[in-house]
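Below, read A as the first sequence line, B as the second, and so on, with proteins coming before strands; counting in each chain starts at 1. Heavy atoms only: backbone and side chains are in, while hydrogens, waters and symmetry mates are out. All figures in this text were calculated on a predicted structure; none of them were measured in a lab.
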Amino acid sequence: IQLTQSPSLLSASVGDRVTLSCKGSQNINNYLAWYQQKLGEAPKLLIYNTNSLQTGIPSRFSGSGSGTDYTLTISSLQPEDVATYFCYQYNNGWTFGGGTKLELK
Amino acid sequence: QVTLKESGPGMLQPSKTLSLTCSFSGFSLSTSGMVVSWIRQPSGKSLEWLAAIDWDGDKYYNPSLKSRLTVSKDTSNTQVFLKITSVDTADTATYYCARSWNYPGITPDYWGQGVMVTVSS
(Lines give C-alpha, C1' and ligand atoms only; values in the text may rest on other atoms or scores of the structure.)
Protein backbone atom coordinates (compact mmCIF):
# COMPACT_ATOMS: atom_id res chain seq x y z
CA ILE A 1 0.00 0.00 0.00
CA GLN A 2 1.38 3.40 -0.98
CA LEU A 3 0.65 6.44 1.17
CA THR A 4 0.48 9.96 -0.26
CA GLN A 5 0.65 12.88 2.17
CA SER A 6 -0.46 16.40 1.41
CA PRO A 7 0.60 19.05 1.47
CA SER A 8 4.33 18.35 1.49
CA LEU A 9 4.93 21.73 3.15
CA LEU A 10 2.51 23.62 5.35
CA SER A 11 3.01 27.08 6.85
CA ALA A 12 0.72 28.10 9.68
CA SER A 13 0.57 30.53 12.57
CA VAL A 14 0.54 29.82 16.29
CA GLY A 15 -3.03 29.10 17.35
CA ASP A 16 -4.15 27.93 13.89
CA ARG A 17 -6.11 24.75 13.36
CA VAL A 18 -3.96 22.58 11.12
CA THR A 19 -5.04 19.58 9.03
CA LEU A 20 -2.66 17.10 7.42
CA SER A 21 -3.83 14.52 4.92
CA CYS A 22 -2.77 10.95 4.17
CA LYS A 23 -4.27 8.93 1.34
CA GLY A 24 -3.71 5.24 0.76
CA SER A 25 -3.61 3.44 -2.57
CA GLN A 26 -5.92 0.81 -1.04
CA ASN A 27 -8.25 0.48 1.93
CA ILE A 28 -6.22 0.77 5.15
CA ASN A 29 -9.01 -0.46 7.46
CA ASN A 30 -8.11 2.17 10.06
CA TYR A 31 -4.69 0.58 10.66
CA LEU A 32 -3.00 3.95 10.41
CA ALA A 33 -0.64 5.80 12.73
CA TRP A 34 0.91 9.24 12.77
CA TYR A 35 4.47 10.10 13.78
CA GLN A 36 6.10 13.43 14.53
CA GLN A 37 9.79 13.89 13.75
CA LYS A 38 11.66 16.96 14.90
CA LEU A 39 14.95 17.89 13.29
CA GLY A 40 17.73 15.55 14.32
CA GLU A 41 15.46 13.30 16.38
CA ALA A 42 13.82 9.91 16.02
CA PRO A 43 10.12 9.81 15.14
CA LYS A 44 7.60 9.94 17.97
CA LEU A 45 4.30 8.05 17.91
CA LEU A 46 1.34 10.43 18.19
CA ILE A 47 -1.73 8.49 17.05
CA TYR A 48 -2.41 4.82 16.31
CA ASN A 49 -5.45 2.98 14.96
CA THR A 50 -6.54 6.20 13.20
CA ASN A 51 -7.70 8.05 16.32
CA SER A 52 -6.13 6.59 19.49
CA LEU A 53 -3.92 9.13 21.21
CA GLN A 54 -0.60 7.75 22.42
CA THR A 55 0.06 8.19 26.14
CA GLY A 56 1.59 11.54 26.95
CA ILE A 57 0.63 13.24 23.68
CA PRO A 58 -1.26 16.54 24.08
CA SER A 59 -4.97 16.44 23.36
CA ARG A 60 -4.65 19.12 20.67
CA PHE A 61 -3.57 16.26 18.39
CA SER A 62 -6.34 14.12 16.95
CA GLY A 63 -6.79 11.69 14.09
CA SER A 64 -9.70 10.67 11.93
CA GLY A 65 -10.54 8.92 8.71
CA SER A 66 -11.60 5.68 7.15
CA GLY A 67 -11.07 3.62 4.03
CA THR A 68 -8.26 5.25 2.11
CA ASP A 69 -8.40 8.80 3.53
CA TYR A 70 -7.02 9.88 6.89
CA THR A 71 -6.34 13.16 8.67
CA LEU A 72 -4.19 14.43 11.50
CA THR A 73 -5.51 17.61 13.10
CA ILE A 74 -3.74 19.97 15.46
CA SER A 75 -6.46 22.07 17.06
CA SER A 76 -4.25 24.99 18.09
CA LEU A 77 -0.74 25.03 16.67
CA GLN A 78 2.06 25.55 19.18
CA PRO A 79 5.69 26.52 18.40
CA GLU A 80 6.90 23.11 19.59
CA ASP A 81 4.76 21.42 16.92
CA VAL A 82 7.16 22.48 14.17
CA ALA A 83 8.25 19.15 12.74
CA THR A 84 7.73 16.72 9.89
CA TYR A 85 4.73 14.42 10.23
CA PHE A 86 4.55 10.94 8.71
CA CYS A 87 1.58 8.63 8.37
CA TYR A 88 2.20 4.88 8.59
CA GLN A 89 -0.02 1.97 7.63
CA TYR A 90 0.13 -1.54 9.03
CA ASN A 91 -2.91 -3.06 7.36
CA ASN A 92 -1.04 -4.69 4.48
CA GLY A 93 2.67 -4.71 5.01
CA TRP A 94 4.17 -1.65 6.64
CA THR A 95 4.73 1.63 4.80
CA PHE A 96 5.25 5.29 5.59
CA GLY A 97 4.00 8.31 3.72
CA GLY A 98 6.31 10.89 2.23
CA GLY A 99 5.80 13.35 5.08
CA THR A 100 4.40 16.83 5.63
CA LYS A 101 6.79 19.47 6.88
CA LEU A 102 5.03 21.90 9.20
CA GLU A 103 6.57 25.30 9.73
CA LEU A 104 5.53 28.54 11.41
CA LYS A 105 4.36 31.37 9.22
CA GLN B 1 12.87 2.82 31.30
CA VAL B 2 12.80 1.59 27.72
CA THR B 3 15.87 2.45 25.68
CA LEU B 4 17.20 1.22 22.36
CA LYS B 5 20.55 1.96 20.75
CA GLU B 6 21.75 1.09 17.28
CA SER B 7 25.35 0.42 16.34
CA GLY B 8 27.00 -0.15 13.00
CA PRO B 9 30.16 0.34 10.94
CA GLY B 10 29.58 4.00 10.04
CA MET B 11 30.92 3.55 6.53
CA LEU B 12 31.34 0.60 4.21
CA GLN B 13 32.07 -0.07 0.57
CA PRO B 14 29.59 -1.01 -2.12
CA SER B 15 28.88 -4.74 -2.52
CA LYS B 16 29.73 -5.45 1.13
CA THR B 17 27.38 -6.73 3.82
CA LEU B 18 26.07 -4.24 6.35
CA SER B 19 25.71 -5.56 9.89
CA LEU B 20 23.70 -3.60 12.43
CA THR B 21 23.02 -4.25 16.11
CA CYS B 22 20.15 -2.98 18.23
CA SER B 23 20.84 -3.19 21.95
CA PHE B 24 17.94 -2.51 24.25
CA SER B 25 16.94 -2.39 27.88
CA GLY B 26 13.79 -1.89 29.86
CA PHE B 27 12.00 -4.75 28.13
CA SER B 28 12.62 -8.31 26.98
CA LEU B 29 11.99 -9.63 23.50
CA SER B 30 10.78 -12.84 25.16
CA THR B 31 7.66 -11.02 26.37
CA SER B 32 4.54 -12.07 24.49
CA GLY B 33 3.58 -9.52 21.83
CA MET B 34 6.95 -7.80 21.74
CA VAL B 35 8.38 -6.86 18.34
CA VAL B 36 11.57 -5.06 17.33
CA SER B 37 11.69 -3.44 13.89
CA TRP B 38 14.32 -1.86 11.69
CA ILE B 39 13.47 1.32 9.80
CA ARG B 40 15.75 3.55 7.76
CA GLN B 41 15.74 7.12 6.55
CA PRO B 42 18.00 8.64 3.89
CA SER B 43 18.98 12.18 4.75
CA GLY B 44 16.12 14.58 4.07
CA LYS B 45 13.78 11.81 2.93
CA SER B 46 10.99 9.69 4.29
CA LEU B 47 11.09 6.52 6.37
CA GLU B 48 11.30 3.00 5.00
CA TRP B 49 10.27 0.00 7.08
CA LEU B 50 12.76 -2.83 6.58
CA ALA B 51 12.22 -5.82 8.84
CA ALA B 52 11.05 -7.03 12.22
CA ILE B 53 11.32 -9.98 14.58
CA ASP B 54 8.87 -10.87 17.30
CA TRP B 55 8.95 -12.57 20.68
CA ASP B 56 8.22 -15.93 19.08
CA GLY B 57 11.07 -15.64 16.59
CA ASP B 58 8.80 -14.91 13.64
CA LYS B 59 10.39 -12.61 11.07
CA TYR B 60 8.83 -10.03 8.80
CA TYR B 61 10.46 -8.37 5.79
CA ASN B 62 9.84 -5.55 3.36
CA PRO B 63 9.01 -7.48 0.17
CA SER B 64 11.05 -5.15 -2.02
CA LEU B 65 14.22 -5.83 0.01
CA LYS B 66 13.55 -9.30 1.37
CA SER B 67 16.23 -11.05 -0.68
CA ARG B 68 18.93 -8.86 0.88
CA LEU B 69 17.75 -8.72 4.51
CA THR B 70 18.24 -11.02 7.46
CA VAL B 71 16.89 -10.15 10.91
CA SER B 72 17.80 -12.16 14.00
CA LYS B 73 18.00 -11.93 17.76
CA ASP B 74 20.32 -13.17 20.46
CA THR B 75 19.42 -15.91 22.90
CA SER B 76 19.27 -13.47 25.83
CA ASN B 77 16.58 -11.44 24.00
CA THR B 78 18.39 -8.17 24.59
CA GLN B 79 19.78 -7.60 21.09
CA VAL B 80 18.43 -7.71 17.56
CA PHE B 81 20.55 -7.79 14.44
CA LEU B 82 20.05 -6.82 10.82
CA LYS B 83 22.21 -7.80 7.89
CA ILE B 84 21.88 -6.22 4.46
CA THR B 85 23.84 -7.85 1.67
CA SER B 86 25.25 -6.29 -1.48
CA VAL B 87 24.91 -2.69 -0.33
CA ASP B 88 25.15 0.24 -2.68
CA THR B 89 24.93 4.01 -2.32
CA ALA B 90 21.13 3.82 -2.13
CA ASP B 91 21.54 2.12 1.27
CA THR B 92 23.13 5.24 2.73
CA ALA B 93 20.76 6.27 5.52
CA THR B 94 20.14 6.60 9.23
CA TYR B 95 19.03 3.23 10.53
CA TYR B 96 16.64 3.02 13.46
CA CYS B 97 15.49 0.13 15.58
CA ALA B 98 12.16 0.48 17.35
CA ARG B 99 9.97 -1.50 19.70
CA SER B 100 6.31 -2.40 19.40
CA TRP B 101 4.25 -4.00 22.16
CA ASN B 102 0.56 -4.51 22.57
CA TYR B 103 -0.33 -2.46 19.54
CA PRO B 104 -2.26 -3.77 16.57
CA GLY B 105 0.06 -4.81 13.81
CA ILE B 106 3.60 -3.56 14.22
CA THR B 107 3.36 0.02 15.49
CA PRO B 108 6.69 1.22 16.84
CA ASP B 109 6.42 3.27 20.02
CA TYR B 110 9.95 3.50 21.41
CA TRP B 111 12.76 4.28 18.94
CA GLY B 112 16.52 4.36 19.19
CA GLN B 113 18.48 7.48 18.32
CA GLY B 114 19.53 6.00 14.98
CA VAL B 115 22.91 5.20 13.47
CA MET B 116 24.20 6.77 10.28
CA VAL B 117 25.57 4.45 7.62
CA THR B 118 27.36 5.68 4.52
CA VAL B 119 28.04 3.43 1.56
CA SER B 120 30.91 4.78 -0.45
CA SER B 121 33.94 3.57 -2.30
* Asked: A:Gly97 and B:Ser46: which non-hydrogen atoms are nearest, and at how many Å?
  -> O-OG, 2.5 Å
* Asked: If you take all heavy atoms of A:Phe86 and B:Gln41, which pair is closest and at what distance?
  -> CZ-NE2, 3.8 Å
* B:Pro108, part contacting chain A, at a heavy-atom distance under 4.5 Å -> both
* A:Gln37 portion near chain B, given a 4.5 angstrom heavy-atom threshold -> side chain
* Enclosure of B:Tyr110 OH (heavy-atom neighbours >12, cutoff 6.0 Å) -> no
* Got more than 12 heavy atoms from elsewhere within 6.0 Å of CD, A:Gln2? -> no
* **Cluster check B:Tyr60, B:Tyr96: I/L/V/M/F/W/Y, side chain < 4.5 angstrom** => yes
* **Pick from A:Thr84, A:Thr55, A:Leu45 with the largest number of heavy-atom pairs that fall under 4.5 Å of chain B** => A:Leu45
* To do: Indicate if B:Trp101 and B:Phe27 have the same hydrophobic cluster label, given that clusters are the connected sets of ILVMFWY residues with side-chain heavy-atom separations under 4.5 angstrom.
  => yes
* Sole candidate of B:Ile106, B:Thr107, B:Ile39 that passes side-chain contact (heavy atoms from CB on, under 4.5 Å) when paired with A:Trp94 -> B:Ile106
* Gap between atom OH of A:Tyr48 and atom OG of B:Ser100 - 0.5 Å precision -> 12.5 Å
* More than 12 non-hydrogen atoms from neighbouring residues, nucleotides or ligands closer than 6.0 Å to CZ on A:Phe96, yes or no? -> yes
* B:Trp55 atom CH2, over 12 foreign heavy atoms within 6.0 Å -> yes
* Asked: Do A:Tyr35 and B:Leu4 share a hydrophobic cluster (ILVMFWY, side-chain heavy atoms under 4.5 Å, transitive)?
  -> no
* Asked: Who among A:Ala33, A:Gly99, A:Gly93, A:Ala42 has the most heavy-atom pairs with chain B under 4.5 Å?
  -> A:Ala42
* **Test log, rule side-chain contact (heavy atoms from CB on, under 4.5 Å), inputs B:Trp49 and A:Tyr88** => CA-CA 10 Å; B:Trp49 188 92; A:Tyr88 166 75; 3.9 Å; yes
